[in-house]
Amino acid sequence: MIREYAQKNYEMTLDIVRDLCMIPAPSYMEDRRAEYCKKWLENAGAKGVYIDSVLNVIYPLNCEGSDELTVLCAHTDTVFPDTESYPEYREDDERIYCPAVGDNTVRVATVMMTAKYFIDNNIVPEKGVLFVLNSCEEGLGNLVGTRQLFKDFEGRIKQFVTVDTSIGAYVNVAVGSHRYEVEAKTAGGHSYSKFGNRNAIEVLAGMVSEIYKLRVPEKEGAKTTYNVGIIEGGTSVNTIAQSAKMLCEYRSNDRECLAVMEKEFARIFKEAESDDAEIIVKRVGERPCKGEVDLAVEKKLIDAYSRAVKETCGKEAHGYPASTDANIPMSLGVAAIDVGAAISVGAHTREEYLEKNSVVDGVEAIIRMATYII
């Protein structure tokens with residue numbers, strides 16, 4: 001029955017993907033995608049769908065009075081800054097090519113089709129399900145959508161599933177991170193007449209150099225990294241720069257290692273300060289590591305997804321650590337998992353594409369999992 005539904009609605013699923021590819025949605029700018037998703041769910045028969053204060057689209061199904069809710073979600077925002085269109089969009093018999101077509105457009109479509117399956121088959125989960133198309137997962141979105149969800153439903157969510165990778169893969173280990181905007185400010189001046197004044201670019205470059213001298217903490221089972229992703233500043237070739245900025249981060253799947261990196265970065269920022277160089281540090285992102293969760297519930301989620309994938313396409317599911325919407329519930333002690341649907345290649349590149357023939361398997365696997373865990 002589930003396979004038949006996924007096959008019957010193959011073109012409908014692809015139509016959602018095509019439509020959403022025409023609506024770019026950088027973090028904090030998901031309003032048009034949110035309106036599309038809300039209207040589509042309502043046309044599919046969903047009652048009580050709403051868009052919250054941070055642009056999450058929420059369809060609560062039999063949630064009234066329940067404190068053991070299940071969340072099934074997928075993030076609507078994209079990592080790309082485009083706001084009007086993606087010039088790379090094209091399609092052939094086998095693939096759809098478009099930035100963010102996989103991460104996370106096809107997974108949004110999959111969650112919407114799962115909600116439709118529940119509606120069409122009059123499935124009323126005893127303890128309630130929140131179908132959510134959430135905002136602000138990418139980059140400096142800082143998981144705002146999921147944070148708000150857990151504020152609004154505080155103490156009521158028992159288990160959480162987000163769809164944000166390819167079929168057969170799941171994430172149950174949260175990679176935490178801290179992200180900073182760091183600005184160096186100096187007096188600057190004319191490159192000839194004020195030669196010798198501190199240059200903000202030189203100060204910033206010194207901090208970058210120190211970051212890349214760091215040895216990451218070594219701990220069994222842990223992986224820790226750092227990166228400087230953007231640098232900018234200066235006025236002209238003949239001006240001693242008065243200001244220069246960078247965006248930088250460190251990551252780890254271990255809380256202790258994350259704390260070590262926090263101290264090291266703070267030391268580097270502090271040591272760069274001087275009478276002729278001001279350093280302004282702003283933390284612009286913080287993603288927590290995994291806390292103490294109910295491992296029995298977590299195992300139930302993993303087993304349900306593994307079973308669904310095996311039954312759908314014969315694959316053995318495999319886990320890996322990553323940074324996803326699941327970081328928030330994991331950090332709060334709520335069992336959570338990020339799972340995959342469909343097959344896409346080239347995430348976070350302009351060349352990203354979706355294997356169209358994988359969409360049926362993706363929809364089937366997520367519906368199967370959903371029916372196993374409610």
Side-chain angles (χ1 to χ4, degrees), residues 1-25 30 32-49 51 57-59 61 72-78 85-86 89-125 129-134 161-167 308-309 311-313 339-344 352-371 374:
M1 181 177 177
I2 295 175
R3 183 70 179 183
E4 182 180 333
Y5 171 86
Q7 291 173 331
K8 178 182 176 181
N9 290 285
Y10 168 70
E11 281 299 332
M12 180 180 289
T13 308
L14 286 182
D15 282 343
I16 298 172
V17 174
R18 294 174 182 120
D19 288 347
L20 290 177
C21 282
M22 298 298 107
I23 312 173
E30 303 95 336
R32 288 193 298 145
R33 277 200 176 192
E35 289 291 348
Y36 173 93
C37 294
K38 178 177 182 289
K39 184 176 181 180
W40 190 96
L41 287 170
E42 289 172 337
N43 289 339
K47 305 297 183 184
V49 186
I51 299 173
V57 182
I58 301 174
Y59 168 38
L61 182 57
L72 179 62
C73 69
H75 71 85
T76 57
D77 62 322
T78 68
S85 65
Y86 294 116
Y89 181 90
R90 62 188 176 89
E91 182 176 351
D92 58 30
D93 290 342
E94 297 180 351
R95 296 172 177 172
I96 296 176
Y97 298 82
C98 185
V101 66
D103 186 12
N104 202 36
T105 304
V106 71
R107 279 108 211 182
V108 170
T110 300
V111 170
M112 292 165 68
M113 293 304 300
T114 302
K116 183 177 184 299
Y117 178 85
F118 274 58
I119 295 165
D120 290 352
N121 292 279
N122 197 30
I123 300 173
V124 182
V129 173
L130 292 168
F131 293 98
V132 182
L133 295 321
N134 63 281
V161 178
T162 185
V163 188
D164 191 12
T165 187
S166 286
I167 190 168
V309 170
E311 291 173 348
T312 297
C313 55
V339 300
I343 297 173
S344 58
E352 189 171 2
Y353 64 84
L354 166 69
E355 296 285 0
K356 290 161 64 172
N357 64 6
S358 70
V359 167
V360 170
D361 283 350
V363 171
E364 180 182 355
I366 298 306
I367 293 175
R368 285 188 181 276
M369 181 188 184
T371 60
I374 62 171

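Just so you know, residue 1 is the first one in the sequence shown, and it goes up from there. Quick caveat: nothing in here was measured; it's all calculated off a predicted structure.
In this structure, Thr105 contributes its side chain and Gly102 its backbone to no donor-acceptor pair below 3.5 Å. Here the side chain of Lys47 pairs no donor or acceptor atom with the backbone of Leu61 at under 3.5 angstrom. Looking only at distances, no side-chain donor or acceptor of Arg90 sits under 3.5 Å from a matching main-chain atom of Ile96. In terms of modelled atom types and a separation under 3.5 Å, the side chain of Asn121 and the main chain of Ile123 share no donor-acceptor contact. The backbone N or O of Asn134 lies less than 3.5 Å from a partner atom in the side chain of Thr76, making a donor-acceptor pair. With Asn104 contributing its side chain and Thr78 its backbone, the two residues share no donor-acceptor pair below 3.5 Å.
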**Report entry** Evaluation steps, side chain to side chain contact (heavy atoms under 4.5 Å, CB included), between Thr312 and Arg3
**Finding:** CA-CA 8 Å; Thr312 297; Arg3 183 70 179 183; 4.0 Å; yes
Fill in: Stepwise side chain to side chain contact (heavy atoms under 4.5 Å, CB included) test for Tyr59 and Leu130
CA-CA 6 Å; Tyr59 168 38; Leu130 292 168; over 6 Å; no
For the pair Tyr117 and Met1, evaluate side chain to side chain contact (heavy atoms under 4.5 Å, CB included) and give the outcome as yes or no after the intermediate values.
-> CA-CA 10 Å; Tyr117 178 85; Met1 181 177 177; 4.0 Å; yes
Checklist line | Evaluation steps, side chain to side chain contact (heavy atoms under 4.5 Å, CB included), between Val57 and Val49 | finding: CA-CA 7 Å; Val57 182; Val49 186; 3.8 Å; yes
Practice problem: Show your reasoning for whether salt bridge (Lys or Arg N to Asp or Glu O under 4.0 Å) applies to Arg95 and Glu91. | Solution: CA-CA 6 Å; Arg95 296 172 177 172; Glu91 182 176 351; over 6 Å; no
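Considering OG of Ser166 and CD1 of Ile343, their distance stands at 6.5 Å, rounded to 0.5 Å. Considering SG of Cys313 and CD1 of Ile167, their distance stands at 4.0 Å, rounded to 0.5 Å. To the nearest 0.5 angstrom, Glu364 atom CD is 14.5 Å from Met369 atom CE. Atom-to-atom distance recorded for Ile51:CD1 and Ile58:CD1 is 10.0 Å, nearest 0.5 angstrom. Taken to the nearest 0.5 Å, the CD atom of Glu35 stands 12.5 Å off from the CD atom of Glu30. If you take OH on Tyr10 and CE on Met113, they are separated by 13.0 Å, rounding to the nearest 0.5 Å.
Taking 4.0 Å as the cut-off between side-chain N and carboxylate O, Arg368 and Asp361 do not count as a salt-bridged pair. For Lys38 and Glu42, the salt-bridge test passes: some basic side-chain N is under 4.0 Å from an acidic carboxylate O.
Taking every heavy atom of both residues into account, Lys356 and Asp93 meet most closely at NZ-O, 3.7 Å. Between Ile374 and Pro125, the closest heavy-atom pair is CD1-CB, 4.0 Å. Minimum interatomic distance between Ala6 and Val360 (heavy atoms only, all atoms of both residues): CB-O, 3.6 Å. Of all heavy-atom pairs spanning Ala341 and Ile366, the tightest one is CB-CG1, 3.8 Å. Heavy-atom minimum distance, Ala109 versus Val17: CB-CG2, 3.9 Å. Taking every heavy atom of both residues into account, Ala308 and Ala365 meet most closely at CB-O, 3.4 Å.
Residues Cys98 and Glu352 form no side-chain contact, since every pair of their non-hydrogen atoms from C-beta on lies 4.5 Å or further apart. The shortest distance between side-chain heavy atoms of Arg33 and Pro24 does not fall below 4.5 Å. For the pair Val359/Val106, a side-chain contact is recorded, criterion being any heavy-atom separation below 4.5 Å from C-beta on. Looking only at side-chain heavy atoms (C-beta outward), Cys73 and Val111 stay at 4.5 Å or farther from each other. In this structure, the side chains of His75 and Asp103 come closer than 4.5 Å at one or more pairs of heavy atoms. Between Leu72 and Val132, every side-chain heavy-atom pair lies at or beyond the 4.5 Å cut-off.
In summary, the side chains of Arg107 and Ser344 do present a donor paired with an acceptor at a separation below 3.5 Å, with no hydrogens or angles considered. Between the side chains of Thr114 and Tyr5, no donor-acceptor pair is found at a separation under 3.5 Å.
Sparse packing is recorded around CD of Glu94, with 12 or fewer heavy atoms of other residues, nucleotides or ligands lying under 6.0 Å away.
Arg18 pairs with exactly one of Leu14, Ile16, Leu20 by the side-chain contact (heavy atoms from CB on, under 4.5 Å) rule, that one being Leu14.
Taking the six-membered ring for Trp and thresholds of 30 and 60 degrees, Tyr353 and Tyr97 have ring planes inclined between 30 and 60 degrees apart.
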